Amino acid sequence: MARTHTWLIKSEPKKYPWSQLVKDGLTRCDGVRDFEARNNLRAMAVGDLGLFYHSNEGKEVVGVAQVTREHYQDPTTEEDWSCVDVAPLLPLVKPVTLVDIKARKGLAKMRMLTHNRLSVTPVTAPELRVILAMAETELPA
DNA sequence: GCCAACGTTGGC
DNA sequence: GCCAACGTTGGC
């Protein structure tokens, strides 16, 4: 069976918190204006996971979302940018803070740390396992 | 093609 | 509120 990929998606809770995503049931990740982030969006497949991270305030991964629609033209611009749709999958039992992530050896190479201004970054399978363990959360089978 | 100025992101 | 990192822009 095809293995899904995992990504980390930043959102400022002031603008769009996890709770709003849960309420909405679905949201469009638009407004990305960075080439590397755009490439990441374009690499996403339906069913891929997205760690939902609260930037600026909270600074923690709070939930796991799932890609429900592959990349398409970002409707907020005429230029060549992409967006995807994601739906909430499940909240983390224990949110994983940036401090926790930095303190964990196995996560030192996470793209979100090495390029901390990127709003969409890849997460490797081992990194996902570590984070889920820290979050005391298991993905549904 | 270089580089200074400037804007944005995001941690602190 | 400040500042570091870094991408973009524009003058030359």
Side-chain angles (χ1 to χ4, degrees), chain A residues 2-141:
Chain A
R3 195 68 196 93
T4 60
H5 290 103
T6 302
W7 310 88
L8 184 136
I9 299 168
K10 291 185 186 179
S11 185
E12 292 184 42
K14 254 190 205 166
K15 293 181 184 166
Y16 196 88
W18 170 259
S19 59
Q20 189 64 44
L21 177 59
V22 171
K23 207 176 292 177
D24 293 343
L26 184 85
T27 199
R28 188 175 66 217
C29 299
D30 58 21
V32 170
R33 301 292 185 267
D34 176 279
F35 289 111
E36 186 176 335
R38 185 184 74 177
N39 289 343
N40 290 334
L41 288 173
R42 291 182 178 179
M44 291 183 185
V46 170
D48 276 4
L49 303 177
L51 300 178
F52 199 88
Y53 175 81
H54 279 166
S55 59
N56 275 313
E57 287 175 33
K59 281 167 281 183
E60 56 189 7
V61 180
V62 290
V64 183
Q66 198 160 30
V67 176
T68 59
R69 181 177 173 188
E70 274 187 29
H71 71 89
Y72 55 100
Q73 172 64 33
D74 184 336
T76 66
T77 176
E78 294 291 303
E79 291 170 0
D80 185 24
W81 297 106
S82 297
C83 60
V84 299
D85 288 351
V86 299
L89 184 62
L90 79 173
L92 296 187
V93 175
K94 274 181 58 182
V96 177
T97 68
L98 181 61
V99 171
D100 294 337
I101 290 172
K102 283 182 171 172
R104 186 61 69 111
K105 267 187 203 163
L107 299 179
K109 288 183 181 168
M110 273 190 81
R111 193 71 181 115
M112 75 159 304
L113 295 181
T114 60
H115 190 163
N116 69 356
R117 289 170 63 256
L118 260 197
S119 53
V120 183
T121 56
V123 178
T124 67
E127 287 165 355
L128 174 63
R129 280 196 294 275
V130 171
I131 289 176
L132 288 175
M134 292 164 81
E136 297 173 11
T137 302
E138 286 182 29
L139 293 177

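What you see is a predicted model, and the numbers here were worked out from it, not measured in a lab. Chain A is the first sequence line, chain B the second, and so forth, proteins listed ahead of strands; every chain is numbered from 1.
Here B:dT9 presents its P atom at 14 Å from NZ of A:K14, a figure rounded to the nearest Å. Remark: P of B:dT8 and CG of A:L118 are 18 Å apart, rounded to the nearest angstrom. For the pair A:M112 CE and C:dA5 P, the interatomic distance rounds to 17 Å; values are reported in whole Å. For A:F35 and C:dG7, the CZ to P distance is 11 Å, given to the nearest whole Å. Across the protein-nucleic acid pair, A:E57 atom CD and C:dG1 atom P stand 14 Å apart, rounded to whole Å. Atom CZ in A:R117 sits about 15 Å away from atom P in B:dC12, given to the nearest Å. Between the CG atom of A:D100 and the C1' atom of B:dG11 there is a distance of 15 Å, given to the nearest Å. Remark: C1' of C:dC6 and NE2 of A:H115 are 7 Å apart, rounded to the nearest angstrom.
The side chain of A:Y53 places no N or O atom within less than 4.0 Å of a non-bridging phosphate oxygen (OP1 or OP2) of B:dT9. Taking 4.0 angstrom as the limit, A:K102 places a side-chain polar atom (N or O) nearer than this to OP1 or OP2 of B:dC12. Of the side-chain N and O atoms in A:K10, one or more sit less than 4.0 angstrom from OP1 or OP2 of B:dG10.
Between the side chain of A:T77 and the backbone N or O of A:E79, at least one donor-acceptor pair lies under 3.5 Å. The closest donor-acceptor contact from the side chain of A:D48 to the backbone of A:H5 lies under 3.5 Å.
With hydrogens and angles ignored, no donor-acceptor pair closer than 3.5 Å exists between the side chain of A:R33 and the base of B:dT8.
The heavy-atom pair separating A:C83 from A:P75 by the smallest distance is SG-CD, 3.8 Å.
There is a side-chain donor-acceptor pair under 3.5 Å between A:Y16 and A:D24.
Counting only heavy atoms from C-beta on, A:L98 has its side chain closest to B:dG11 among B:dG11, C:dT8, B:dT9.
Counting any heavy atom pair closer than 4.0 Å across all strands shown, A:N56 reaches a base atom.
Taking the six-membered ring for Trp and the full ring otherwise, the centers of A:W7 and A:F52 sit at least 6.0 Å from each other.
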